[in-house]
Amino acid sequence: MRAEDTPTIRLEDYRPSDWLIDTVDLDVVLAPTSTRVRALLQLRPNPEGRPGAPLVLDGDEIAPVSVALDDRPLDASAYTVSPRALTLPAPPDRPFSLRIETELDPQANTKLMGLYRSSGVYCTQCEADGFRRITYFLDRPDVMSVYTVRLEAEKADAPVLLANGNLVAAGELPGGERHFAVWHDPHPKPAYLFALVGGRLDHVRQPYVTADGRKVELAVYVEPGKADRAGWALDSLVRCMRWDERVFGRNYDLDVFNVVAVSDFNMGAMENKGLNIFNDKYVLADPHTASDGDYASIEAIIAHEYFHNWTGNRITCRDWFQLCLKEGLTVFRDQEFSADERSRPVKRIADVRTLRATQFSEDAGPLAHPVRPRAYTEINNFYTPTVYEKGAEIIRMLKTLIGDEAFARGMDLYFARCDGTAATIEQFLACFAEASGQDLSAFALWYEQAGTPTVTARGRYDAQARRYTLDFTQSTPPTPGQSEKRPLVIAVALGLVGRDGDLPLGGAVPALARDGIFVLDAAEASLSFEGIAEAPTPSLLRGFSAPVRLELDLDDAALLRLFTADSDSFNRWQALQTVATRALVRAGRGEASDAAASAGAIAGALAGFLDGPASDDPAFAAQVLRLPTPADIAREIGAHVDPDRVHAAHRALATAIASALAPSLATLHEALRADGAYSPAAGPAGRRALRNEALGLLALASPEDATARATAQFEAADNLTDRLAALATMTLIPGEAREAMIARFAALYAEEPLVMDKWLLAQALIPEAGTLERVRGLMARPGFSLTNPNRVRALIGGFAANLTQFNRTDGAGYRFVADMAIALDRTNPQVASRLLSSFKSWRMLEPTRQAAARAALSTVAATPGLSRDVADIAARSLA
Ligand code: BES
Ligand code: ZN
């Protein structure tokens with residue numbers, strides 16, 4: 001299909017399906033290049049649909065081998081087939097069955113959508129619209145069916161046969177070479193949640209009894225020989241199941257829960273009912289092949305996909321415009337789980353860093369869109385930070401606004417009322433409006449309006465009246481297709497910090513919505529507190545209570561007071577980040593600035609911190625030591641950005657701070673040496689994080705000392721985290737020692753593709769002119785492959801995230817990434833379009849780079865035969 005013929009799908013055009021499919025019986029005979037699929041669909045007219053409407057079943061790159069209606073072959077005149085549909089113009093006006101046979105080539109399926117093979121394992125990925133690549137179907141989430149799936153294969157080829165639901169039959173076929181398994185899923189589900197797996201796999205398992213007494217067999221399936229790396233995923237699964245019972249009152253609802261890891265996967269993982277399929281990167285872990293960060297991601301993603309069982313599967317989406325209904329809510333749930341399992345403040349800081357880096361930058365560029373978009377041409381391009389992360393922030397804010405109890409009642413109401421249905425954002429919000437007695441119609445604008453609001457706050461103290469007043473404004477910049485913006489309902493969690501800590505917030509005018517929560521719902525508003533005995537320092541947006549940019553009129557001295565005295569740990573962290581950001585923005589713009597003074601102030605604050613409170617919470621201290629990144633600063637500058645200048649400013653400030661702190665950093669690096677065997681638990685991981693942060697800073701202050709430390713650490717390490725930190729440190733120090741470590745790393749981990757991905761990424765991020773050549777060289781290595789999404793994301797995606805080298809003034813970085821996107825588009829459009837999204841911030845650059853980026857994007861847009869995925873991103877990026 002040519003891009004110009006691509007239809008735009010609009011929310012306002014939604015209408016219920018004219019037909020429903022009550023049951024699906026699939027009979028799948030697996031073979032590498034010709035898998036036969038027989039589907040038996042029981043159809044009936046939808047009472048909500050148009051009577052007498054034609055039946056249009058979706059298809060994608062498939063052809064019917066045969067079609068039968070009520071068991072009689074269908075005359076060729078009774079239906080038409082196009083590349084994307086099988087149509088019965090005049091179907092019977094009553095329930096009937098259709099039997100459709102298709103033949104698939106899983107081996108040739110490089111898009112990794114539908115049924116494909118990954119390292120010899122048959123697997124499926126159907127969200128959002130991959131089921132139509134398996135058989136003709138009403139491939140939309142509001143058509144929910146009960147599935148029974150019979151799988152057949154050669155025993156040697158696929159000893160393990162899995163599908164959704166419970167196993168109801170299995171056995172050998174005559175001859176003894178072939179076998180079968182029948183799976184039945186009693187829960188009606190949309191086609192996007194269908195899954196099957198067949199292959200040679202090892203597994204670990206564990207029995208589990210739900211809080212309401214159901215016996216469940218949990219299992220994690222992995223490549224043969226890797227079962228000893230599956231334990232952490234299984235352990236995480238047990239913990240998140242208990243958590244969902246305790247915190248959300250949600251029990252699991254089948255007799256088995258299977259997780260399968262595959263090595264070729266477009267995304268992170270997928271919540272297929274009872275059969276979650278994962279990118280192996282988010283399952284496999286042992287101390288030698290997974291970092292602390294990997295352990296945390298595995299825990300979070302196992303939880304995320306498991307939590308979908310209630311938020312996504314039992315209650316699914318009416319249409320794809322409601323994607324945030326399941327994704328935003330489920331991200332919120334997995335964030336809360338991780339916060340409870342680990343450190344809540346540290347998790348919040350990490351999530352806000354991600355939000356700002358990914359979502360704020362998306363919201364500020366040509367790909368900005370509302371959390372609930374109104375139109376799309378390719379839904380796969382809307383699995384975005386906006387739908388996910390901003391979607392989660394809105395729910396967090398809703399909880400802040402109505403309070404924990406009303407939020408819990410609203411969730412219960414939602415589960416009770418919408419269970420078994422395909423729901424909308426309106427239905428979701430109605431539950432909270434009812435539970436809280438509040439009118440949420442103004443709040444709902446968060447789902448419709450794109451862009452990151454800026455909130456400004458100015459404080460004034462009237463000593464005589466003992467009154468402190470805060471004057472707020474809010475405004476949201478225009479985004480594509482939305483030039484006019486309206487004020488939003490913004491939750492501002494706040495406190496007033498005095499000499500001896502938080503002052504009591506008595507006599508607020510207008511009254512606070514809840515304890516410490518001011519609701520800013522107009523373009524301008526003022527808030528006064530009476531009986532304030534001293535001039536306070538305001539602490540605003542505590543815990544990052546709303547996804548906004550905050551501009552406040554505090555000077556560095558006041559911010560540094562907050563850094564030491566704020567009772568809100570998020571704002572302690574934020575205060576120092578703000579001081580550094582301001583200095584870096586000035587320097588990054590090339591404005592005259594007293595960088596030395598800023599560095600001195602920050603270093604002074606950090607010195608006191610490292611000598612005192614840092615040791616109480618090393619994970620938090622690591623976050624404090626980590627300055628805003630050059631990309632953060634570029635985003636803050638927002639226009640006419642020169643990445644080289646930003647990078648240089650960042651280097652200079654970081655080096656000055658590190659130099660001032662060098663002795664303490666060295667002491668930290670020694671004192672925090674591991675004192676026992678490796679454990680991925682949050683405590684020891686936090687100590688490693690702080691120690692390695694110190695090492696990274698030392699690389700700037702004293703490269704020779706850092707080289708010695710990093711080299712020794714690399715050799716002595718009993719875990720991947722410390723090795724990777726040593727490698728990352730050396731990427732900042734050009735020279736032979738670095739190249740030697742790079743070679744040593746490759747020798748140690750040559751047989752571990754997931755570890756080698758980190759090696760590729762570390763090199764792709766080197767902020768030096770030779771990096772593009774290095775990346776090209778790495779592509780030519782035997783371990784690299786353009787057909788494996790993890791390899792591509794590590795090396796080419798990594799390069800596209802390299803601020804100075806992707807944005808080279810000569811445009812070579814852009815051309816490289818554009819060429820890669822074009823090349824990848826021929827085999828895997830989803831991976832290609834995600835890579836092309838790396839251009840999302842091109843309009844904030846200075847003119848020379850803008851021109852070069854535009855030229856590269858235009859080359860992509862002008863390429864004949866582009867996928868819808870890439871054509872859409874190219875067109876919107878250029879619009
Ligand atoms: N439902 C998605 C997987 C998905 C994404 C399928 C896009 C089809 C298209 C899954 O629940 C998910 O959100 N996965 C995330 C990880 C998660 C922890 C945010 C992913 O794959 O990145
Ligand atoms: Zn999800």
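One-based numbering along the sequence shown. Numbering of ligands and ligand atoms starts at 1, following listing order.
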TODO: Would you please say whether a donor-acceptor pair under 3.5 Å links the side chains of Asp244 and Trp310?
DONE: no
- [ ] Say whether Tyr122 and Thr35, considering side chains only, have a donor N or O and an acceptor N or O under 3.5 Å apart.
- [x] no
Task: Pair Asp60 + Arg132, salt bridge at N-O below 4.0 Å - done: no
Open item on the list: One thing to verify: whether Glu393 and Lys390 come together as a salt bridge, which I'm taking to mean a side-chain N less than 4.0 angstrom from a carboxylate O.
Closed with: no
Task: Protein residues that have a heavy atom under 4.0 Å from any atom of ligand 1, sorted by chain and number - done: Gln125, Glu127, Met267, Gly268, Ala269, Met270, Glu271, Ile301, His304, Glu305, His308, Lys326, Glu327, Tyr383, Tyr388
Task: salt_bridge(Asp757, Lys281) N-O dist < 4.0 Å - done: no
Task: Identity of the N, O or S atom of His308 lying closest to the Zn ion (ligand 2) - done: NE2
Task: Of the N, O or S atoms in Glu327, the one nearest the Zn ion (ligand 2) - done: OE1
Open item on the list: Please determine whether a side-chain nitrogen of the Lys or Arg among Lys273 and Asp253 lies less than 4.0 Å from a carboxylate oxygen of the Asp or Glu.
Closed with: yes
Open item on the list: Pair Arg635, Asp632 - check salt bridge (Lys or Arg N to Asp or Glu O under 4.0 Å), show working.
Closed with: CA-CA 5 Å; Arg635 195 183 62 244; Asp632 291 332; 3.0 Å; yes
Open item on the list: Using 2.8 Å as the threshold, say whether any N, O or S atom from Glu271 sits that close to the Zn ion (ligand 2).
Closed with: no
